Amino acid sequence: CIAPSCPTACVGGNAACDPRNHNCTRCEPISLELCMNLPYNLTSFPNFLGHLSQRETSVSWESSLFPALVQTGCYQYLMFYACTLLVPKCDPVSLQKVPPCRSLCRSAKEKCESVLGIVGLQWPEDSDCSQFPEDGGNATCLLPEPGVDECSPSHFKCRSGRCVLASKRCDGHLDCDDHSDEDDCGCSERALWECPGSNVCIKASMICDGFPDCPLLVDEDNCSVCRDNELSCNNHQCVHRTLWCDGRKDCRDSSDEWDCVSLSDGSGPVLTVFRTAAEYQICADEWNHQLSHLTCRQLGLGVPSSVSMVTDQPGVPGRRRWLHVHPEWNQRNGSALQARLEKRSHACHSRKRVSLVCTREECGLRPAVGMYSHRKKR
Amino acid sequence: ILGGRVSRRGAWPWQCSLQSGQSGHVCGCVLIAQRWALTVAHCFEGRESPELWKVVLGLNNLDHPGGQSQTQGVRAIIVHPRYNRAVVDYDISVVQLDSEVEETPFVRPVCLPQLGQTPSPDSYCYITGWGHMGNRMPFKLQEGEVRIISLTQCQSYFDMKTITPRMLCAGYDAGTVDSCMGDSGGPLVCEDGGGRWTLFGLTSWGSVCFSKVLGPGVYSNVTHFTPWIQQQIYIHTYLTD
């Protein structure tokens, strides 16, 4: 370790860390899903492709290339060989990497390099076979033991033994040479949940997760049992009705403050707010231009282009509920419109409601392009 | 961008460069409001912390930013909660900038699509970026015209992956004009009759663009995410703790 004392990474891993040594070697458990079925479960980095961590390996181009190449069936132990490069075996005693044998590397390269050539790709250059020891020599190296799995956990194994990517299982396309990837595709056979009223299969983890997945959104139904005076958040948490649309987040996912303000109403773009989940009109008496600006921006509709006060038609059905502009409406910087309004014991004196039309702010224009058009020189 | 050409300064004023530490340009991004940009989720793999990133706007030549460029720090990175790295689905992120940009002829937001608004198959749109050109990485912003391809036709090119409704395909059978590594997160924009440009796609994935493997590019379908984008901007603007 270059530093006078071993960095924590070494000390923590009870590694053999000699101050004169220029790097700290330690073994770590394999977490790369692609290689979780190897006959060993400890690895160390950097690997033979120059990746410095399993995270870097997991997003590397080789970790997509090899599983795709395995599908061609070019070499029976290609996946095993690829994993010895991606997550090399780490000997728990010597803490050293154990490389693949040269013969394994040669077999994989000879049988599969040409397949890559067809699509104009090169064999990964870091995997030059001469760097690996000859099998049978005094340096230990890895060869596939009998029974090693040809497919990775990211593959589906066809009845014929071929490997196809797991995403092709029951995708409606015949991918296995014996078509076994399209057999037994019922939801339960694949430990999935079937959406009622359709044959869509979803993972159990998708039920009540706040994202509708089934055609009739039934996977998000009956996900919470809230009391009468409570409402269900998008994440199915229960929150008291009085906290709904008050401008403060009470649901962990803040969904009690979503869709609180609306400009649509039977009689034109009249502003309504859904305070405590009931519809309220906004009394126009103390309305002002800044609040019009805030409303349009909060709705993502741009800027106000016209504001008007709409008088209630006589004999309007039922009693309207009114919200009034809070006296300290401008002390609440950064808060939403619904936080700047308040209920009052009395109705709206003028009985006038706010009607607002917003127009999209300027977007998608390219003024600089016009700058060149005056140059007519040839 | 493969098969494209150098773009003129200011031709795509919403294009931005997402840069990190020593790496410099890592991904493209798109300005959608004075303090908000979009990019794709996979650009943040392994580098999720906002402090690691900066956004450069008004740029044409990566090597010579020039007087029109503006550099912003990143206040927040909001990756779609359903982003799936294995199948590259829900590949989108909203980026909150440290402060509002100054709108100039070289720094302008693009329009987001209206609810349900999608480009028609076989219409022509533009992709831009500083990504791989097939033989080298460029300094100057590249642009390429691509044709929108239907999802069904697109699926036929990618039997190894599933094309989902969160994706949009564009390009050509022969892959002649296509996006490539380093373009990720950049815009696919279409012009309407009034000379206004709308953002319909963010460069996401495709076949290996510098190999003979052919086929179109795959973009995150912005129309699908517009309600989610608006909601994230609302939450991070008006519902701060």
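What you are looking at is a predicted structure, and each value in this text was computed from that prediction instead of being measured.
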Worksheet item: Using non-hydrogen atoms only, which part of B:Leu31 is less than 4.5 Å away from chain A: side chain, backbone, both, or neither?
Response: neither
Discussion item. With a sphere of 6.0 Å drawn around CD of B:Gln153, does it hold more than 12 non-hydrogen atoms of other residues, nucleotides or ligands?
Written reply: yes
Worksheet item: Of the listed residues (A:Ala166, A:Gly210, A:Ser58, A:Ser53), which shares the most heavy-atom pairs with chain B below a 4.5 Å separation?
Response: A:Ser58
Worksheet entry | B:Pro105 to A:Ala368 - nearest heavy-atom pair and separation | O-CB, 3.5 Å
Worksheet item: Given the options A:Arg297, A:Glu33, A:Glu361, which has more heavy-atom pairs under 4.5 Å with chain B than any of the others?
Response: A:Arg297
Worksheet entry | Atom group of A:Leu294 that falls short of 4.5 Å from chain B, counting heavy atoms | both
Worksheet item: Between atom CZ of B:Arg196 and atom CZ of A:Arg360, what is the distance when rounded to the nearest 0.5 Å?
Response: 6.5 Å
Worksheet item: Within a radius of less than 6.0 Å around CZ of A:Arg190, do more than 12 heavy atoms belonging to other residues, nucleotides or ligands occur?
Response: yes
Worksheet item: How about B:Pro81 and A:Phe211: do any of their side-chain heavy atoms sit closer than 4.5 Å?
Response: yes
Worksheet item: Within a radius of less than 6.0 Å around CG of A:Asp259, do more than 12 heavy atoms belonging to other residues, nucleotides or ligands occur?
Response: no
Worksheet item: Pick from B:Arg108, B:Glu191, B:Gln230, B:Gln68: which one has the most heavy-atom pairs with chain A under 4.5 Å?
Response: B:Arg108
Item to complete: Counting only heavy atoms closer than 4.5 Å, note whether B:Pro109 contacts chain A via side chain, backbone, both or neither.
Response: both
Discussion item. For a quick test of reading the model, state the closest non-hydrogen atom pair linking A:Gly364 to B:Cys111 and the distance between them.
Written reply: N-SG, 3.6 Å
Response to the item:
Note: A:Glu257 and B:Leu239 closest approach over all heavy atoms is CB-CD1, 3.5 Å
Fill in: chain A contacts, top residue of B:Glu45, B:Glu103, B:Arg82 (heavy-atom pairs, under 4.5 Å)
B:Arg82
Practice prompt. Verify, without hydrogens or angle tests, whether A:Arg366 (side chain) and B:Ala11 (backbone) share a donor-acceptor contact under 3.5 angstrom.
Written response: yes
Fill in: side chain to side chain contact (heavy atoms under 4.5 Å, CB included) assessment of A:Trp258 paired with B:Ile235
CA-CA 8 Å; A:Trp258 296 354; B:Ile235 292 171; 3.2 Å; yes
Practice prompt. With rounding to the nearest 0.5 Å, note down the distance linking CD in B:Gln231 to OG in A:Ser254.
Written response: 7.0 Å
Practice prompt. Supply the atom-to-atom distance B:Trp14 CH2 to A:Cys363 SG, rounded to the nearest 0.5 angstrom.
Written response: 9.0 Å
Discussion item. If you count heavy atoms of other groups shown closer than 6.0 angstrom to NZ of B:Lys140, is the number above 12?
Written reply: no
Worksheet item: Do side-chain atoms of B:Tyr238 reach the backbone of A:Ala339 as a donor and acceptor pair under 3.5 angstrom?
Response: no
